[in-house]
Amino acid sequence: MSIELIGAGNGRTGTLSMKLALEKLGYGPCYHMTELMADPSRLHHWQDAFDRRSVDWTALFEGYRSTTDYPGFYFYRDILATFPDAKVILTIRPADEWYESALRTIYTAPPSGIEKVKLVTQLPFNRRLRRFLPVFKVVDYMWDVIFEGRFEDRDYAIDRFEAMNQDVIDTVSPDNLLVFEVGTGWEPLCEFLDVEVPDELFPRTNKRQDFPAMLKEVRKGRLPHQD
């Protein structure tokens with residue numbers, strides 16, 4: 001099994017909905033940030049990637065057919081170099097909407113200093129929490145690398161977001177790239193992949209208003225989409 005589809009869009013551009021859609025179309029499992037939280041044993045690969053050390057991308061994505069969201073979107077060039085036959089999907093949304101959504105959701109996901117102390121006291125009693133607590137460290141590092149520690153500078157973050165999107169458009173062959181807004185539904189995605197349109201609504205999940213409750217469960221060690 002190898003990566004056939006690479007999601008090159010930032011988080012909060014419908015990436016979790018895209019994960020579910022790709023899995024529905026037979027391109028699963030799809031690697032998403034939730035997968036990293038569920039299996040932190042692959043965390044060292046991502047740390048190598050952010051530190052620009054050699055990465056065994058084949059080992060990192062063993063068992064997966066597609067990828068989307070953090071951290072993979074940032075390394076789409078490296079992943080495409082490893083899996084040159086893969087197609088690329090750039091999920092997008094209006095930059096202002098993206099920033100407000102990211103600022104109020106994923107940017108606040110890593111726990112504060114006080115919250116980290118509280119989490120440490122729970123470690124002896126929560127096996128799941130012990131497994132993915134190290135992920136928070138690399139998430140903090142990820143924001144510093146991708147946005148140079150300046151995400152709270154709105155203009156800078158939006159410029160960076162737009163520049164990353166344009167880099168994908170300028171780099172990937174138009175025949176191999178789909179620029180996609182999840183609100184457009186199945187048709188553009190299915191046409192790009194040359195598959196039939198499912199007889200059901202396109203997945204819409206992880207909305208901003210749902211994020212605080214989801215994050216609360218994550219911090220307790222209960223991962224999204226797990227019992």
Side-chain angles (χ1 to χ4, degrees), residues 1-36 42 45-46 48-50 52 55 57-58 60-61 64-95 97-99 101-102 105-107 138-139 142-143 145-148 151 157-195 202-203 205-206:
M1 184 179 293
S2 63
I3 294 295
E4 300 171 55
L5 287 168
I6 300 168
N10 252 277
R12 303 311 297 173
T13 59
T15 52
L16 187 54
S17 296
M18 176 58 70
K19 167 183 166 65
L20 300 179
L22 291 177
E23 291 176 342
K24 176 66 179 179
L25 295 175
Y27 289 91
C30 178
Y31 197 96
H32 180 277
M33 187 66 182
T34 54
E35 302 292 324
L36 175 58
R42 306 185 190 216
H45 292 298
W46 293 114
D48 286 342
F50 279 111
R52 304 313 301 179
V55 178
W57 295 103
T58 300
L60 194 162
F61 290 120
Y64 291 89
R65 295 186 63 186
S66 57
T67 177
T68 189
D69 196 64
Y70 289 92
F73 90 92
Y74 185 63
F75 300 102
Y76 82 91
R77 288 173 177 259
D78 303 86
I79 301 170
L80 186 58
T82 304
F83 306 101
D85 294 328
K87 293 179 176 292
V88 179
I89 300 174
L90 174 63
T91 48
I92 62 170
R93 69 186 296 186
E97 292 181 11
W98 164 80
Y99 182 76
S101 178
T105 55
I106 54 177
Y107 184 66
V138 81
V139 169
M142 179 177 71
W143 286 105
V145 172
I146 297 176
F147 292 96
E148 299 180 335
F151 185 79
I158 287 177
D159 286 347
R160 184 84 177 100
F161 170 75
E162 293 178 334
M164 285 188 283
N165 288 346
Q166 191 62 47
D167 178 75
V168 177
I169 294 169
D170 292 343
T171 300
V172 181
S173 167
D175 294 336
N176 201 42
L177 173 66
L178 173 66
V179 181
F180 182 71
E181 292 190 53
V182 295
T184 59
W186 288 111
E187 283 76 11
L189 177 62
C190 292
E191 181 180 356
F192 178 65
L193 299 177
D194 194 23
V195 297
F202 192 90
T205 188
N206 203 19

Between the side chains of R52 and D78, is the shortest nitrogen-to-carboxylate-oxygen separation below 4.0 Å, so that they form an ion pair? yes
Looking at [atom1] of [X] and [atom2] of [Y], how far apart are the two atoms once the value is rounded to the nearest 0.5 Å?
X    : Y    : atom1 : atom2 : value
I6   : F61  : CD1   : CZ    : 8.0 Å
F151 : W143 : CZ    : CH2   : 4.5 Å
N10  : F147 : CG    : CZ    : 5.0 Å
F202 : E187 : CZ    : CD    : 10.0 Å
C30  : M18  : SG    : CE    : 8.5 Å
W57  : I79  : CH2   : CD1   : 5.0 Å

What pair of heavy atoms forms the shortest contact from [X] to [Y], and how long is it?
X    : Y    : result
V139 : M33  : CG2-CE, 3.1 Å
A21  : L189 : CB-CD2, 4.2 Å
G11  : W98  : O-NE1, 3.0 Å

Of L5, L80, T171, which is the lone residue that meets side chain to side chain contact (heavy atoms under 4.5 Å, CB included) with V88? L80
Among T15, L178, V179, D69, which residue meets the side chain to side chain contact (heavy atoms under 4.5 Å, CB included) test with T91? T15
How about [X] and [Y]: do any of their side-chain heavy atoms sit closer than 4.5 Å?
X    : Y    : value
I89  : L22  : yes
L90  : F180 : no
W186 : P203 : yes
K19  : T34  : yes

Could you walk me through whether L193 and L25 pass the side-chain contact (heavy atoms from CB on, under 4.5 Å) test, one step at a time? CA-CA 9 Å; L193 299 177; L25 295 175; 3.9 Å; yes
Short question: side chain of [X], backbone of [Y] - any donor-acceptor pair under 3.5 Å?
X    : Y    : value
T105 : S101 : yes
T184 : E181 : yes
R65  : G26  : yes
R160 : I146 : yes
K87  : N176 : no
E4   : Y27  : no

Before giving the answer on side-chain contact (heavy atoms from CB on, under 4.5 Å), spell out for V145 and M142 the whole-Å C-alpha distance, their side-chain angles and the decisive distance to 0.1 Å. CA-CA 5 Å; V145 172; M142 179 177 71; 5.9 Å; no
Worked verdict on L36 versus Y31 for side-chain contact (heavy atoms from CB on, under 4.5 Å): CA-CA 8 Å; L36 175 58; Y31 197 96; 3.5 Å; yes
Please tabulate, for side-chain N and O atoms in residues 161-169, each donor-acceptor pair with protein atoms closer than 3.5 Å (sequence neighbours left out).
| residue | atom | partner | partner atom | Å |
| --- | --- | --- | --- | --- |
| Q166 | NE2 | D170 | OD1 | 2.9 |
| D167 | OD1 | R77 | NH2 | 2.8 |
| D167 | OD2 | Y76 | OH | 2.6 |
| D167 | OD2 | R77 | NE | 3.4 |

Salt bridge (charged side-chain N to carboxylate O under 4.0 Å, His left out) between R42 and E35, intermediate numbers included: CA-CA 10 Å; R42 306 185 190 216; E35 302 292 324; over 6 Å; no
Ring centres of W46 and Y70 under 6.0 Å apart? no
Kindly indicate, with the supporting measurements, whether the criterion side-chain contact (heavy atoms from CB on, under 4.5 Å) is fulfilled by F75 and F50. CA-CA 9 Å; F75 300 102; F50 279 111; 3.7 Å; yes
